[in-house]
Number of protein chains: 2
Amino acid sequence: MKFNATNVRASASAADLIFEALREAIFTGEIGAGEHLRQDALAEMFNTSRIPVREALSRLEQQGLVKTERYKGTTVTSLSVDEVREVFEFRALLEGEVIRYAVENMDDETIEKARRACDAFATETDSARYGELNRDFHYALYAKAERPYHLKIVSQALDRIESYLRAQLVLTDGMERARREHMGILEACIARDKERAAELTRAHILGASASLISFLETRENSK
Amino acid sequence: MKFNATNVRASASAADLIFEALREAIFTGEIGAGEHLRQDALAEMFNTSRIPVREALSRLEQQGLVKTERYKGTTVTSLSVDEVREVFEFRALLEGEVIRYAVENMDDETIEKARRACDAFATETDSARYGELNRDFHYALYAKAERPYHLKIVSQALDRIESYLRAQLVLTDGMERARREHMGILEACIARDKERAAELTRAHILGASASLISFLETRENSK
DNA sequence: TCAGATATGTTGGGATCAAATTGTTTTTGA
DNA sequence: TCAAAAACAATTTGATCCCAACATATCTGA
């Protein structure tokens, strides 16, 4: 007899929980850039020892969300405008290519799934969930590219700038524009027009980048 | 009295040293795919406790070089042919773009540095150093792209398949061909022809991929 | 024979201590 | 007085010993 394949073993370890909590806190801005994270304090906060805390911090560092210096501790990293711009540029290149692959394998089921994600994004009113629903839509399409490595890197790039992405979406026209552009991408996928889908995706990302960067720069200047 | 003969106390932390040692051992094949890594054994081997060992393993896991399952331990991951193919495909896309940026900013100093790296690669006789010198050449050019995030991802992709890359280079015509192709790329950079440099870089990577994969597949079939 | 019990080994995580390093404060000497 | 030196505090890194959770192999009894 074969046992039920439920993934009990994949249940989160303490390090997983701390990692997720910190990641989310950084994304929402609850922990601001430059802030110092002390291992002892975190261990106490999460009611564990330092061991899982260190593992979580190490993973955050690998993702570039924090930086730790020997004997000095770990701080939340802040990205410069140039760095943000570069990550968006990278995403435009990569996601454009990924959607091209995806359209090649596109089927009705995937389109249906993407349409639902698109609707969910368009009707959501809780701005805290914009980022998540935005990912849902794109990933629904990207899944069909059948390129797990590419997708992992896309995901990593999104993590790097997630907090900025969330900020961009809640800007006045960010959501409305994203809604429209998602529709366009979806239609190109339905028409199986991979070049148009790729071009729209690139434009979608670069447009968001431009709007975010102009926001960041005016904020920077007004300080 | 206990002697602590290891040079743990240099500048890198113990975890750094263990990480590097394991990484190199995996690259050279000293630790084969599927092999089991036990924390106790490693701690004893490096004359430390399990704490830095676990940190090193965690970092290796983040890079995808090993996989750990809860309460079961960590094993060296092996890539399927499809995965290897995908990483090469990814590199072709990304490195093609990176060299395009690099040519835009190209200067004589960089070309001189790349030429030296190219010569060093062409004249090296120790096959263990091929991989490193190959990286040196490409990075010398890529540096001028002034895209740190892109370069980090390139580096990460190379890490993922480093051991395969080394295997590919020591195949009979791998080195000779790489020599020729490096020359071509360098010349395109000198001519400031970014499209040709990009196309040659793509072809260089995809060619290596094709030759490696046919090698892997015949080996697979002959088993 | 084979399902269940048992033994053993490994990883996950806790607690506490020592060592190393950095930053801060206090003391000292000109 | 004030700059350099010394002492001190805070913090991270690592060691050691501990136990719990879980996996696997072996043994046992029907």
Side-chain angles (χ1 to χ4, degrees), chain A residues 1-23 26 31-32 34-62 64-77, chain B residues 1-23 26 31-77:
Chain A
M1 159 168 185
K2 210 168 167 184
F3 284 159
N4 193 352
T6 49
N7 243 345
V8 183
R9 134 180 31 173
S11 67
S13 67
D16 289 333
L17 293 175
I18 298 170
F19 171 73
E20 285 299 335
L22 290 178
R23 209 169 82 110
I26 292 171
I31 308 179
E35 200 159 323
H36 204 88
L37 297 175
R38 269 186 295 109
Q39 298 180 354
D40 280 341
L42 290 172
E44 197 178 347
M45 195 179 305
F46 287 99
N47 232 323
T48 71
S49 80
R50 280 172 17 212
I51 293 179
V53 169
R54 285 168 62 166
E55 195 181 322
L57 289 178
S58 148
R59 265 190 266 175
L60 288 171
E61 182 172 20
Q62 165 71 25
L65 264 42
V66 305
K67 179 166 63 80
T68 108
E69 285 171 287
R70 213 155 125 83
Y71 301 116
K72 286 180 70 175
T74 105
T75 52
V76 178
T77 56
Chain B
M1 158 158 195
K2 200 156 91 179
F3 284 140
N4 204 339
T6 47
N7 52 347
V8 159
R9 203 45 278 131
S11 66
S13 70
D16 289 332
L17 292 175
I18 299 170
F19 172 73
E20 286 298 337
L22 290 178
R23 210 169 81 110
I26 291 171
I31 308 179
E35 201 160 322
H36 204 90
L37 298 174
R38 268 186 294 110
Q39 298 180 354
D40 279 340
L42 291 173
E44 198 177 345
M45 195 178 305
F46 288 97
N47 224 334
T48 70
S49 77
R50 275 171 47 201
I51 291 183
V53 170
R54 284 168 63 164
E55 197 180 318
L57 289 177
S58 149
R59 266 191 265 173
L60 288 171
E61 182 172 21
Q62 286 158 28
Q63 293 207 351
L65 264 41
V66 305
K67 180 167 64 80
T68 108
E69 283 173 290
R70 220 153 121 79
Y71 303 114
K72 283 181 69 177
T74 104
T75 52
V76 178
T77 56

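Below, chains carry the letters A, B, ... as their sequence lines are ordered, and counting in each starts from 1. Bear in mind that the values here come from a model prediction, so they are computed numbers and not experimental data.
Put simply, CD on B:E69 is 12 Å from C1' on C:dT11, counting in whole angstrom units. Rounded to whole angstrom, the span from the CD1 atom of A:I51 across to the P atom of D:dT12 amounts to 15 Å. Rounded to whole Å, atom C1' of C:dG13 lies 16 Å from atom CG of A:L42. Nucleotide D:dT12 holds its C1' atom 11 Å from the CG atom of A:L57, rounded to whole Å. If you take CG of B:N47 and C1' of D:dG14, they are 13 Å apart, rounded to a whole angstrom. Rounded to whole Å, atom P of D:dT11 lies 16 Å from atom CZ of A:R54. Nucleotide C:dT11 holds its C1' atom 17 Å from the CD atom of B:E55, rounded to whole Å.
In this structure, A:A14 and A:P52 approach most closely via the heavy-atom pair CB-CB, 3.9 Å.
Using a 4.0 Å cut-off between charged side-chain N and carboxylate O, B:D16 and B:R23 make no salt bridge. A salt bridge is defined here as a Lys NZ or Arg NE, NH1 or NH2 lying under 4.0 Å from an Asp or Glu carboxylate O, and A:R54 with B:E55 meets this definition.
For B:R50 and D:dG14, a side-chain-to-base donor-acceptor distance below 3.5 Å is absent, hydrogens and geometry of angles not being considered.
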### Query
Run the side-chain contact (heavy atoms from CB on, under 4.5 Å) check on B:I18 and B:L42 step by step: do they pass?
CA-CA 9 Å; B:I18 299 170; B:L42 291 173; 5.6 Å; no

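If you check D:dT13, C:dG14, D:dG14 against the side chain of A:P52, the one that comes closest is C:dG14. Considering only the side chain of B:R70, C:dG12 comes nearest among C:dG12, D:dG14, C:dG14.
Within a 6.0 Å radius of CD in B:E44, other residues, nucleotides and ligands contribute 12 heavy atoms or fewer. Within 6.0 Å of CD in B:E35 there are more than 12 heavy atoms belonging to other residues, nucleotides or ligands.
No engagement by B:T74 is indicated, since no non-hydrogen atom pair under 4.0 Å with the nucleic acid exists.
In the model, B:Q62 has a side-chain atom that pairs as donor or acceptor with a side-chain atom of B:S58 under 3.5 Å.
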Each nucleotide N or O in nucleotides 6-10 of chain C that has a protein N or O under 3.5 Å away: list the pair and distance.
unit_1: C:dT10; atom_1: OP1; unit_2: B:R38; atom_2: NE; d: 3.3
unit_1: C:dT10; atom_1: OP1; unit_2: B:R38; atom_2: NH1; d: 3.4

